[in-house]
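For clarity, every value in this text was computed on a predicted model and none was experimentally measured. Convention: sequence-line order gives letters A, B, ...; per-chain numbering from 1.
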Amino acid sequence: MTQVFSRFLLALLLVPLLALPARAIDIQRVTSPGGIEAWLVADPTNPIIALEVAFRGGSASEPAGKEGLASLATDLLTEGAGDLDSQAFQKRLADLSISLYFSSGRDSLQAGFRTLTENRDEAFSLMHLALTEPRFDEPAVARARSQMLVGLKRELERPGSIASRAFWSAAFPDHPYGSSPSGTPESVDGLTVADMQEFIGRRFARNNLLVGVVGDITPAELGERLDALFAGLPERANIPEVPEVQPSFAGDVMVIDRNIPQSTVLFGQRGVKRSDPDFFAVSILGEVIGGGFGSRLTEEIREKRGLAYSVYAGLASLDRGAMLIGNVGTANARVSESLDLVRQEWARLSEEGPTEEEMADAKAYLTGSFWLGLDNSSRIASTLVAIQREGLGIDYLDRRSAEIEAVTMADLKRVARDLFDAKALTFVVVGKPEGVTATRPAPGQDS
Amino acid sequence: MRHRFTFIIGLLALGLGLAPALPASAAVFSPKSFTLENGLQVVVVENHRIPVVTHMVWYKTGSADEARGKSGIAHFLEHLMFRGTETLKPGEFSRIVNRNGGNDNAFTSWDYTAYFQSVAADRLALVMEMEADRMANLRLTDEVVLPERDVILEERRQVIDNNPNAVLGEQMRAAQYLHYPYRVPIIGWESEMRTLTTEDALAWYDRWYAPNNAIVVIAGDVTVDQVRPLAEKYYGKVARREIARRDRVEEPPQQAARRIERIDARVQQPSVSRQYLAPSHQWGETQHQYALEVLAEILSGGPTSRLYRKLVVEDAIAVSAGAYYSGDAIGPGSFGFAGSPRPGVEVEAVEAGIDAEIARLLADGVTEAEIADAKQRLKASAVFAVDSIRGPANILGRALTLGQSIEDVESWPERIDAVTEAEIEAAAKSVLVPEHSVTGILRPKPTS
C-alpha cells in the first residue's frame, strides 16, 4: 500500500549541489580542549543529537585497480569493531536506536550518527570504536563483498545506471572521476583487508576532519566528547593527490542498445566548480534551462510536447572538476526530437541569455528553497559540514542570498555565451532510439 | 534539484519506521485540529526550528475508486491539477511557488491523492489561496490535457516498463487481489490510459474534489491561531458538495496459493518475494494491526533481525532478506517477505530459507526479549519522526485520510507497548496462510 505515483521523479545521478539560504540558524564554533573544531547548532527542543563528519579522500583517490575500495571499506566499518563482532555491534546500535553510518563519495568519506540524547554516551563511543578499531572479520568482508557484487549486477538492470557509468567514463577517460565508485566485478574481487585498513588509516586523521552537530547538546559537552571521539587517530592524513581535470566533451552521441520501451538519455558539458566566481551565475542559468517546472527544457519537452516525464539539467561540481549534466527519458520513437530540443535550447540560452523574468525567478528560487532542505537535524548537520568542506565561512548562511542577488544580467549573458556550448553537448542514450546515429561507441561497449 | 521529489513517499508510514514513542504515555506530534463549516478538516503541527512550513491537501480518493475501464484517471487528474484554473495559466501554479522560493509536488495512491508545497512561513497564505482556488476552479482543455496524457505514458514506461522488478510487482498485485481494486495499478493499464479524456478528468474532479472530502495539514513555523483565519478566508469560501460513497467491492475468500514467475533478459540478479493478504487499519481483523507491526520489526528490523541474521549472516545464502507489514489502507493490507541470493546460490534456496523462518515462527512463536527490543526500536522511531517538518505532515495526512483519528496516531506508542506475545502469535497464524499468498520469482534468462 505504500506505492504512490507523483508528478516528478527524483533526479538520481547528480552530485548534490551545495547551496544554502540565509536566515537565523545560530551556528557556534566549538573547539575541543584538544583542538578539534566542530560547528554546532544547539537545539534542546527534541531529545535528539545528530552528528556528521567528513574526511577528504573519497573513491577518486583509490589506487588504480582498487576501484570500489572506498565503498567496501566504509560498508565494513559498522560490521564489527573492538571486542564487538558484527552482530554484537549491530545489536548494540539497534537496542539503543542509534543510527550510525559510514559512506563514500568521489571526493570524500562521510560518517554520522543520530541518537536519542539519553544514549549519547554509547553513540559517541561506538562511532569512536568504528573509527579506530574496525575488525574487518572475514565473514563480514565476504558478505559485504557479495552485496557489492550483486549491486554491480543490479546496475546492469537499470538503464540509468548503465548510462551513468558510460557517461562518467566518457567524460573523464584518463582520470579517476571516470571510474565508477562501485568498482567492477574484477576490482571488487581483488580488494583485501590490508587495502581497506590502509585506505582508512590514511584518511581518518585529526587534520582531515570536518564536523557538524545539531541538537540537544551544549558546546562545552560537545567539546569534551570530540576529543574522546577522535582519540587515537593519527595527527595527519596521507592521501594521494587527485589532479584537476576538465571533462572531455566533444559533442558525441553514444548509444547503448537495450531492449526497453523508453530510452534513458544523459547529456553534459563542462561546468564550473564551487570555488569559481561564476558558480552562482551558472547555478541560475541551470535553473533557467533545466531546473524543473517553468524551466526551458521542461516547458519544451514535457509541457508542450509530452515527450518525457522527467527532464532535468544542472550543475555537478566536484573538488577537481565540474560538469553541467542533464537527463531525459523519452519513448524510443521520439528520442531524436528530444535531443534536438535539448541542443536547440542550449544554443538559444547561449545566444540570448535569460530574460529578466527568468533571472528574477531563478534567484528567488535559489535563495528561498535552500531552507527547505534543512528538514531535520541530520540534514542541517550535513549542511554545516558541506559549508566547511567548501571553505565558505561560518557566516555563509547570512551571505548566500546577497551573493545570489548580486549576479547581474551582464554576468549571466557573459557566462551563458562563454560556457553553454551546444556543439560540445555530449549524449549517452540507453535503449532502442529511432533516428539517432551514434558518432562513437560508448566506453565499455563493444559496438 | 527543483521539483523532483521521490515518487515513493509512503515508506515512511506508520510501521515502516515512522512514528512515535518516548514514555508510553507521551503524545507524538500534539497536532491541533479544527473543521470549517464546509466540512474541511484542518490539522496544524507546530515546529519552529526554521521559518518554513509544509502545506498539504489530502483528498479522500485514489485509484481504487476508479470505474472499470478508466484506470489511471485519479493519477492523471493529479497531473492536470497543475494545468490551470480560471485565474492561473497552465503551469503557473508551480512557477509561482518556485518564484517564492518554494517547492511543490503531488502524489496519488490507491486510497488518497495529496498535493503539497514547502515554502517560507510568510508565504503560507499564498499557497493556501492557490490550493483553495484549484479545489474549486480547475479549467481543462484538450490543448493541455492531451500532451499531459503523453507525459503519464512516459511516466509509466520510466517507472514500470523499464524496470523488471516493477513489472513483476504489478503482476503480483493483480494476482494477490482477486476482486478488490488494489489489483489495478495506480498509474493505470496502458491501453486504458491511452483512452482517458478531458471529460473523464473533469468528471473525476467533479465527483471527488470538494472541501468536505479533503483534509488540510500544515506543519512548521506557524500556530493554529494564525492558520484559522487564513483557512476561513481561502478554503472557507469553497462550497461543500455532495460526495458519492466510495464503492468498494468485497474481496472474496482466497482459496489457493498463487505462484508467478517472470523470466526477463534484463534481469541480472534473481529475487523472490511473497505477500499475504493482511488486515489493515480499516479492513479485516483489525485487532491484529499493532501486533503485525511488532512482528515485522522482529523479522526485519535491521541487521540483527531474524531474517537478515539467519539468511544473510548465519547461513550466508542471501545478500538481502526482509519482511514488511503495510496496513495503511482502507481495504486489505499486506504482509510480505523478500530476498535475493548470494552469487552462486539459487533463488529457491532463499525461498526455502524464508519458508523455514515462517514455519519456525508459526511453530515456536517469538521471545519476550525480541518483543521488548522491537517495541523499544519502534517507540524510539516516534521521537525521531518529530525531528522533521514534512514527516509529521505526511503521517497525519495519510492516517486521517485513511480513516484513522488523531488519537490513533498520538496513542501509537501506547498501542505498540501493549502488544503481547500471544497477540503476535495469533496475528501470525491468522495472516500467514498459504492460500492467501502470492509468491513471485524474478529470474534472468538462462544464457545458452
With a 3.5 Å distance limit and no angle check, can you tell me whether [X] reaches the backbone of [Y] through a side-chain donor-acceptor pair?
| X | Y | answer |
| --- | --- | --- |
| A:Asp375 | B:Ser388 | no |
| B:Glu148 | A:Glu303 | no |
| B:Asp387 | A:Ser377 | yes |

Heavy-atom proximity to chain B below 4.5 Å, by part of [X]:
| X | value |
| --- | --- |
| A:Thr264 | side chain |
| A:Val328 | neither |
| A:Arg258 | neither |
| A:Glu358 | neither |
| A:Ala308 | backbone |
| A:Leu96 | backbone |
| A:Leu152 | neither |

Indicate yes or no: does [X] engage [Y] in a salt bridge with an N to O separation below 4.0 Å.
| X | Y | result |
| --- | --- | --- |
| B:Arg49 | A:Asp43 | yes |
| A:Glu299 | B:Arg95 | yes |
| A:Arg302 | B:Glu154 | no |

**Asked** Centre of A:Tyr365's six-membered ring, under 6.0 Å away, within 45 degrees of the axis: is that where NZ or CZ of B:Arg99 sits?
**Response** no

Side chains of [X] and [Y]: does their closest heavy-atom pair fall under 4.5 Å?
| X | Y | answer |
| --- | --- | --- |
| A:Gln147 | B:Val312 | yes |
| B:Val313 | A:Pro139 | no |
| A:Arg334 | B:Asp150 | yes |
| B:Phe384 | A:Ser97 | yes |
| B:Val267 | A:Glu157 | yes |
| B:Arg377 | A:Asp95 | yes |

**Asked** Measuring heavy-atom distances to chain A, does B:Pro341 have an atom under 4.5 Å in its side chain, in its backbone, in both, or in neither?
**Response**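 For B:Pro341, the backbone is the part near chain A, not the side chain.
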
**Prompt:** chain A heavy atoms under 4.5 Å from B:Phe93: which part of the residue, side chain, backbone, both or neither?
**Reply:** neither

How many angstroms lie between atom [atom1] of [X] and atom [atom2] of [Y], to the nearest 0.5 angstrom?
| X | Y | atom1 | atom2 | answer |
| --- | --- | --- | --- | --- |
| A:Ser146 | B:Ile317 | OG | CD1 | 12.0 Å |
| A:Trp371 | B:Asp221 | CH2 | CG | 10.5 Å |
| B:Phe82 | A:Phe293 | CZ | CZ | 7.5 Å |
| B:Asn165 | A:Arg158 | CG | CZ | 9.0 Å |

Just so I understand: if I count every heavy-atom pair under 4.5 Å between each of [options] and chain B, which residue has the most?
| options | value |
| --- | --- |
| A:Arg143, A:Lys153, A:Arg305, A:Glu118 | A:Arg143 |
| A:Gly329, A:Pro261, A:Gly286 | A:Pro261 |
| A:Ala360, A:Gly151, A:Ala142 | A:Ala142 |

Tell me which one of [options] satisfies side-chain contact (heavy atoms from CB on, under 4.5 Å) with [X].
| X | options | result |
| --- | --- | --- |
| A:Ile260 | B:Arg157, B:Arg266, B:Gln158 | B:Arg266 |
| A:Leu372 | B:Val119, B:Ile50, B:Val52 | B:Val52 |
| B:Val383 | A:Thr117, A:Asn46, A:Ile48 | A:Ile48 |

**Message:** Under a plain distance cut-off of 3.5 Å, with no hydrogens placed, do B:Thr304 and A:Gln87 share a side-chain donor-acceptor pair?
**Reply:**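 Distance-only check fails for A:Gln87 and B:Thr304.
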
**Message:** If only side-chain N and O atoms count, and only distance matters, is there a donor-acceptor pair under 3.5 Å linking A:Arg154 with B:Ser340?
**Reply:**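 Yes.
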
**Prompt:** So which heavy atom on B:Pro343 is nearest to which on A:Val150, and how close?
**Reply:**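 Minimum heavy-atom separation between B:Pro343 and A:Val150: CD-CG2, 3.8 Å.
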
**Asked** For chain A, which of B:Val319, B:Val386, B:Asn162 has the most heavy-atom pairs under 4.5 Å?
**Response**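 Answer, by heavy-atom pair count under 4.5 Å with chain A: B:Asn162.
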
**Item:** B:Asp373: partners by salt bridge (Lys or Arg N to Asp or Glu O under 4.0 Å), with sequence neighbours left out
**Value:**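 A:Lys91.
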
**Asked** Under the side chain to side chain donor-acceptor pair (under 3.5 Å) test, which residues partner A:Lys363, sequence neighbours left out?
**Response**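 For A:Lys363, no residue satisfies side chain to side chain donor-acceptor pair (under 3.5 Å) once neighbours in sequence are set aside.
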
